[in-house]
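The structure under discussion appears below in the form of structure tokens.
Note that the coordinates shown come from a computational prediction; the quantities given were computed from them, not determined experimentally. Heavy atoms only: backbone and side chains are in, while hydrogens, waters and symmetry mates are out. Numbering of ligands and ligand atoms starts at 1, following listing order.
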Amino acid sequence: MLKTMRRIFQWCGSRRNRLYWGFLWSFLSAMFTAMPIIGAAYALNLMLEHQAGRRILTPVYSLYFLIFMVIMIMGRFLFSYLRAVFQDSVGHEVTAEERMRMGDILKRVSLGFFDRHSTGELVGAVTTDLSFVEMYAMNMLDTVIGGYISAFAMILCLGFYSWTAAVIAVIGVALSALSLRLMGYFSHKNAPVHQQAQNEIITASLEYIKGIPVVKAYGQEGASTANIRKAFRRHRSINVKIERQYVPCNCLHLIALKLASVAISGAAALMAAAGKMAVSEFLMMAIFSFVIFGQVEKVNNATHVLQVIGPTLDKLDKIKGTDFIDENGIDLVPDNFTIELKNVDFAYERRKVLDAVNFIVPQHTTTAIVGPSGSGKTTVCNLIARFYDADSGCVSIGGIDVKRMSCDSLLRNISMVFQNVYLFHDTVMNNIRFGKPDATIGEVEEAAKKARCHDFITALPQGYETMIGEGGSSLSGGEKQRISIARAMLKDAPIVILDEATASVDPENEHFVQAAISSLTQGKTILVIAHRMATIKSADQILVLDEGRIVQRGDHESLAAQEGVYRRFIEIRKQAEEWNI
Ligand code: ADP
Ligand code: MG
């Protein structure tokens with residue numbers, strides 16, 4: 001638990017001082033809670049002496065007492081208020097920063113990172129996990145540390161009257177802390193299972209919601225619901241199991257506290273009976289014992305949560321501790337945009353996908369890559385953009401190894417258009433502007449015109465301000481593709497990579513997309529993965545990829561004249577194009 005606390009303090013960075021100040025205010029607030037009890041006992045003593053005729057009390061004493069109580073209450077509220085001011089916003093600030101940092105991390109890691117971490121895990125990290133830390137770690141820190149500090153302040157006051165009672169109180173607190181350690185042991189053991197179940201329900205829910213059209217089309221409502229239900233049931237049974245383990249520890253904790261409380265009251269009663277303590281002091285000690293252990297009891301629930309936070313922090317740290325792809329990258333601006341792959345090998349999780357790939361795309365020329373599905377074409381694009389790093393060999397732009405460039409400086413020079421277009425849940429304007437965040441409205445419209453999408457955008461209900469659904473679901477495939485081309489157009493990068501950009505576009509729309517692509521690629525260095533013969537034929541160089549190797553290279557005429565994969569490929573394409581597919 002101490003380790004977890006230390007880590008939370010580390011998390012807070014420079015805001016730590018505010019937490020320390022908060023604890024000082026907690027201490028003072030507890031003092032101001034304890035003092036009225038002492039004051040009341042003192043007043044009771046005076047009243048008893050007054051009744052016994054040993055002292056005469058005038059009404060002005062009531063006024064003093066009243067003033068004393070008001071000062072105490074105000075002091076307590078003042079310090080509680082100060083504590084809240086100093087501590088409460090720390091959690092929100094730290095988690096907001098942490099979320100942004102996490103966003104930055106996800107931008108800087110290689111795509112392999114996403115192969116290793118499920119969507120559920122990552123969504124969980126930036127949503128529930130961080131909220132968990134935000135909600136509990138910070139507030140609980142106050143309850144746990146603040147709780148112990150308050151108990152300590154009160155034990156000090158108690159010790160002022162009876163050190164025996166103070167010792168009993170310390171033993172009670174120590175015993176309860178021991179039961180909390182036991183609980184911590186179980187929390188630590190259960191946390192990974194709990195977290196996995198949590199990730200499972202996020203992944204299952206995301207898949208269920210995203211896949212609803214497929215689920216309906218295949219009449220698989222039953223099977224999908226069964227999956228999601230299974231995840232929910234697992235989550236529930238793990239929670240129940242964890243709760244069951246906590247119950248005995250919780251009881252132990254409460255018993256320790258109640259026994260200590262009874263022991264203090266008992267000791268005070270014995271001393272009062274022996275005439276060593278005034279009745280008022282006995283009452284005061286009984287009240288103290290309840291207040292102190294009330295504080296410690298609150299700590300119990302908080303600790304329970306604090307211990308689960310340890311593994312959550314582990315998980316977040318693991319994500320943060322990942323290898324950044326541009327750790328050593330510096331801002332380099334190539335003076336030409338010739339792309340070169342030299343002896344490049346690459347494997348996804350030990351499965352070799354590219355084998356000694358060599359090629360050059362000279363500046364301002366077009367290279368087309370053709371090859372069967374799964375031959376590694378997309379992987380080549382991924383390596384150029386450093387979505388992944390080559391295992392061996394070198395990928396360079398303008399003679400500079402891409403590993404030496406920062407991701408920002410590299411990607412500033414590359415526009416990519418993919419087969420699967422991703423549009424954000426935002427306006428059309430902002431989706432296009434993503435290519436150049438500081439673009440003016442005029443620039444966005446200009447790009448849209450060149451990408452042949454201005455006309456259909458202005459026909460939308462709110463024109464450029466129309467919201468398009470998550471993934472752009474309210475637009476047709478061709479329209480989405482042209483918006484993504486407008487985005488690339490606006491970016492105006494010297495290198496253009498097109499990965500089957502027209503593959504999912506319907507034939508009626510294809511010539512619009514082709515026209516958009518032609519204006520995007522003018523004067524650029526182009527790598528195109530295409531299936532349309534016209535695009536392939538007009539390329540300066542064609543690379544034929546098969547099972548991760550370049551098996552043929554040359555221009556259309558020379559390749560078509562040879563026996564081999566390319567000739568078979570164009571025969572199939574010719575037939576397909578006759579059928580218009
Ligand atoms: P192409 O674009 O030519 O269809 P890819 O480059 O996408 O081929 O894929 C090449 C091979 O690598 C395929 O066999 C594919 O299954 C595999 N592959 C692609 N992406 C991943 C990934 N993220 N993890 C593991 N294997 C992958
Ligand atoms: Mg591909």
Measure the distance from [atom] to every protein heavy atom, then report the residue, atom name and distance (to 0.1 Å) of the closest one.
atom	value
atom 19 (C) of ligand 1	Tyr348 CE1, 3.3 Å
atom 23 (N) of ligand 1	Asp115 OD2, 3.0 Å
atom 8 (O) of ligand 1	Gly376 N, 3.3 Å
atom 6 (O) of ligand 1	Thr379 OG1, 2.4 Å
atom 2 (O) of ligand 1	Thr378 OG1, 2.7 Å
atom 4 (O) of ligand 1	Gly374 N, 2.7 Å

Give me the atom names and distance for the closest heavy-atom approach of [X] to [Y].
X	Y	result
Phe337	Gln363	N-OE1, 2.7 Å
His194	Asn239	CD2-OD1, 3.1 Å
Asn431	Phe424	OD1-N, 2.7 Å

Among Val361, Ile550, Asn358, Val380, which residue satisfies the side-chain contact (heavy atoms from CB on, under 4.5 Å) criterion with Leu341? Val380
Are Asp317 and Arg7 close enough for a salt bridge, meaning some N to O gap below 4.0 Å?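 Salt bridge: yes.
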Check: Tyr566 ring centre within less than 6.0 Å of His556 ring centre: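 That pair passes the under 6.0 Å test.
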Is it true that some N/O/S atom of Thr378, main chain or side chain, lies under 2.8 Å from the Mg ion (ligand 2)? yes
Nitrogen or oxygen atoms of Val353 and ligand 1 under 3.5 Å apart: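 No, there is no polar N/O contact under 3.5 Å.
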Is [X] close enough to touch ligand 1? Criterion: a residue heavy atom under 4.0 Å from a ligand atom.
X	result
Ser373	yes
Tyr388	yes
Arg351	yes

So, the side chain of Glu479 versus the backbone of Ile457: is there a donor-acceptor pair under 3.5 Å, distance only? no
Take Lys352 and Asp391 through the salt bridge (Lys or Arg N to Asp or Glu O under 4.0 Å) test and state the conclusion after the steps. CA-CA 10 Å; Lys352 197 153 191 178; Asp391 296 334; over 6 Å; no
